[in-house]
2 protein chains.
Amino acid sequence: MDGVERQASAARVKQVANVLEEEIVLGWLQPRERLIEEDIASRFEVKRHVVREAIAELERMGLVERVQNKGAAVRMLSPTEVRQIYSVREALETLAAQQIPLPPSPEAIDLLVDIQEQHAAAVERGDSRAGFRANMAFHNALFGACGNPHLVELIQSLAQKVHGARSYTAANPVHLARARDDHWAMIEALKASDREKLVQLCREHLSPSRDTYIASLEQRFGKAG
Amino acid sequence: MDGVERQASAARVKQVANVLEEEIVLGWLQPRERLIEEDIASRFEVKRHVVREAIAELERMGLVERVQNKGAAVRMLSPTEVRQIYSVREALETLAAQQIPLPPSPEAIDLLVDIQEQHAAAVERGDSRAGFRANMAFHNALFGACGNPHLVELIQSLAQKVHGARSYTAANPVHLARARDDHWAMIEALKASDREKLVQLCREHLSPSRDTYIASLEQRFGKAG
DNA sequence: TTTGCCATTATTGTTGACAATTCTGATAAC
DNA sequence: GTTATCAGAATTGTCAACAATAATGGCAAA
C-alpha cells in the first residue's frame, strides 16, 4: 500500500485540469502559449494519457485550442466572442436569479456569507488564487439556489469559457473589491427578498469584467476582431 | 496511399460518437445497456482509445454514465431531470427566437425549406434515422439564425441531453408528423416576420416530446423519480 | 544579409501488451 | 433450496515503446 492513497485516475485528470485552468485564468499561462504534454506530465507526476484527458477537458471548456499534431495552446477570445458569451451569461444568470425562491432558506444565506467571508479575506490579502476560487464558489452557491442544476451547469460552463478573459481583472484590486461589494449587496437583497434588486445586481455584476477585458484587448491588438 | 483517405483521429472520434448517439436516441441501445469498448472498436474498425474518447464525449453530452472500472452504460433520465432540462430549453430557445433578425435573409429561408423538405420526406417514408438527422439540422439552422453561436451551442447541448429521452417519440409517426407541421409553421412565421407567432411555436414545439416521455416513464416505473 | 533547403530535434498520435478490477458461473456448505 | 466462496473469464485502466508529424536551426546559394 502506498503512503499516499492512490487516487482514481478520473480524479487526477480533474485535478490537473483544475490547476491548469487556474493558471490560465490568472494569466500565468499567456494566450498562444503551448501546453506540452510531457512537461505537464512530469510536473504533476502523472502519465501522459492523464494529461491528454485533462487537456481535452480544457478544450471542451473552451480555454484551450487543439490542432492536429500541433498540440494545445491557450485560447484567445476575440472581443466579439466575449460580447456574445456575456450576452448569454446575462440572460442565463438573470433567469436563474428570477427562479431563486424567496425568502431564501437560512442555510443558503449562511453558506453564502461563509463563502463571501473567505472571498473578502482573499481580496484583503491580495490572494488572487484564493479569490478566484471563492468567487467561483459564491456564484455556484448563489445560482445553485435556483433549484435547476442543469441551468447552473450551463452558467458554470459559460463562466469557464470567459475565465481566460479574466486574467486582466482577476488580479486587479479595484475589480476584486468591487466584486466583493457586489456579493455583499446580493446577500442583502436575498435577505430582504428584493428580487428586482437581486436581478439587477446580477446583471450589473457582469459588465465590469467584460468591458475591462474588451478594452484591454482592443488596446493591445487594435479594434479589429 | 490508402484507397480511402485516412481520417484524422479527431474526426473518427466524432463519427463514432455520432453513430452511438443516434442509436441511443432511436432506442436501439436501451437504458442500462452497457457499451463494451472492444466490441465498438472492432465494429467501427478503430482502436480502443478512439472509442474511449467517443464514450467520454457521450458522457459529457449526458447520454451515458461511466463508473470506474465498470464502463459506460446508456443513461436513464428521471422525469424531474427531463422537466428541468426542458424548462431551460424553453428559456434558451425562446430567447434565441427573439433574437433572430426579422425579416430573415432569403438564403436562410431557402436553407430551412431545403432541410425541411428532407425532414418531411423522411417522415413520409418512416425513416426515423434520417428524420432525426433532418430534425436536428432544422433546429440548428433555425436557431443558428439568431447570430450568437454560443447560445446555439448551449441549445444544442441541451437538446443532446434529452435525445436519450426521445426514443419514445423519434419513432412515433404521430409525433413526427406533428413536428413536421410545426416546422412548416415556423417557416411561415419567419416569412411573415411574425415574431410573436414564431416564439410561441418554438415554445409549444417542445411540450409534446417532453410530456410523452415523462408519461411513458411514469407508466413504466411508477410516479416516483 | 537574406532566403530556401535539408537534417535534426521536439512533440504529438498510435499501438499492443500487460495490470487491475469486476462480472459470471460453478461448487460446496448450510 | 439457498447462500457463500472461489476460480476463471470478461472488461476496463495503465503503460512504455514506436510511428508520424511539425518545429528548429544550420548551411549554402543568391
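Numbers restart at 1 for each chain; the letters A, B, ... are given by sequence-line order, proteins then strands.
OP1 and OP2 of D/dG13 both lie 4.0 Å or more from every side-chain N or O belonging to A/R12.
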Q.
Could you go through A/E37 and A/R52, starting from their C-alpha distance and side-chain angles, then the distance that decides it, and tell me whether this counts as salt bridge (charged side-chain N to carboxylate O under 4.0 Å, His left out)?
A. CA-CA 7 Å; A/E37 295 178 356; A/R52 277 173 144 266; 3.4 Å; yes

Q: Could you give me the CA-CA distance, side-chain angles and deciding distance for A/S9 and A/R12, then say whether side-chain contact (heavy atoms from CB on, under 4.5 Å) is met?
A: CA-CA 5 Å; A/S9 79; A/R12 280 180 291 168; 3.5 Å; yes

Determine whether B/Y86 and B/V162 satisfy the following criterion, side-chain contact (heavy atoms from CB on, under 4.5 Å), listing intermediate values before the conclusion.
CA-CA 8 Å; B/Y86 270 93; B/V162 285; 3.9 Å; yes

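Atom CZ of B/R66 and atom P of D/dT11 are 16 Å apart (whole Å). Nucleotide C/dG13 holds its C1' atom 15 Å from the CD atom of A/E53, rounded to whole Å. Straight-line distance from the NE2 atom of A/H49 to the P atom of C/dA20: 14 Å, rounded to whole Å. Atom P of nucleotide C/dC23 and atom CZ of B/R32 are separated by 13 Å, given to the nearest angstrom. One interatomic measurement links the two molecules: CZ of A/R52 to P of C/dT14, which rounds to 7 Å at whole-angstrom precision. Rounded to an integer number of Å, the gap from CD of A/Q68 to P of D/dA23 is 12 Å.
Tested against B/E23 for a side chain to side chain contact (heavy atoms under 4.5 Å, CB included), the candidates B/L29, B/V74, B/L35, B/N18 yield a single pass: B/L29.
Between the B/Y213 side chain and the B/L77 main chain, a donor and an acceptor come within less than 3.5 Å of each other. For A/S87 (side chain) and A/R83 (main-chain N/O), no donor-acceptor pair under 3.5 Å exists by modelled atom type.
One N or O donor and one acceptor, one from the side chain of B/R48 and one from the base of D/dG13, sit under 3.5 Å apart.
Heavy atoms of other residues, nucleotides or ligands lying less than 6.0 angstrom from CD of A/E33 number more than 12. Atom CZ of B/R125 has more than 12 heavy atoms from other residues, nucleotides or ligands within 6.0 Å.
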Could you go through nucleotides 7-11 of chain C and list every protein N or O atom that sits under 3.5 Å from one of its N or O atoms, giving the distance for each pair?
{"from": "C/dT11", "atom 1": "O3'", "to": "A/R34", "atom 2": "NH2", "distance (Å)": "3.4"}

Anything under 3.5 Å between a donor and an acceptor, one on a side chain of residues 110-121 of chain A, the other on a protein residue two or more places apart or in another chain? List them.
{"from": "A/Q116", "atom 1": "OE1", "to": "A/H183", "atom 2": "ND1", "distance (Å)": "2.9"}
{"from": "A/Q116", "atom 1": "NE2", "to": "A/H119", "atom 2": "ND1", "distance (Å)": "3.1"}

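Across the helix from C/dT1-D/dA30 to C/dC30-D/dG1, the helix axis at one end is tilted relative to the axis at the other end by 10° (nearest 10 degrees, each axis from five pairs).
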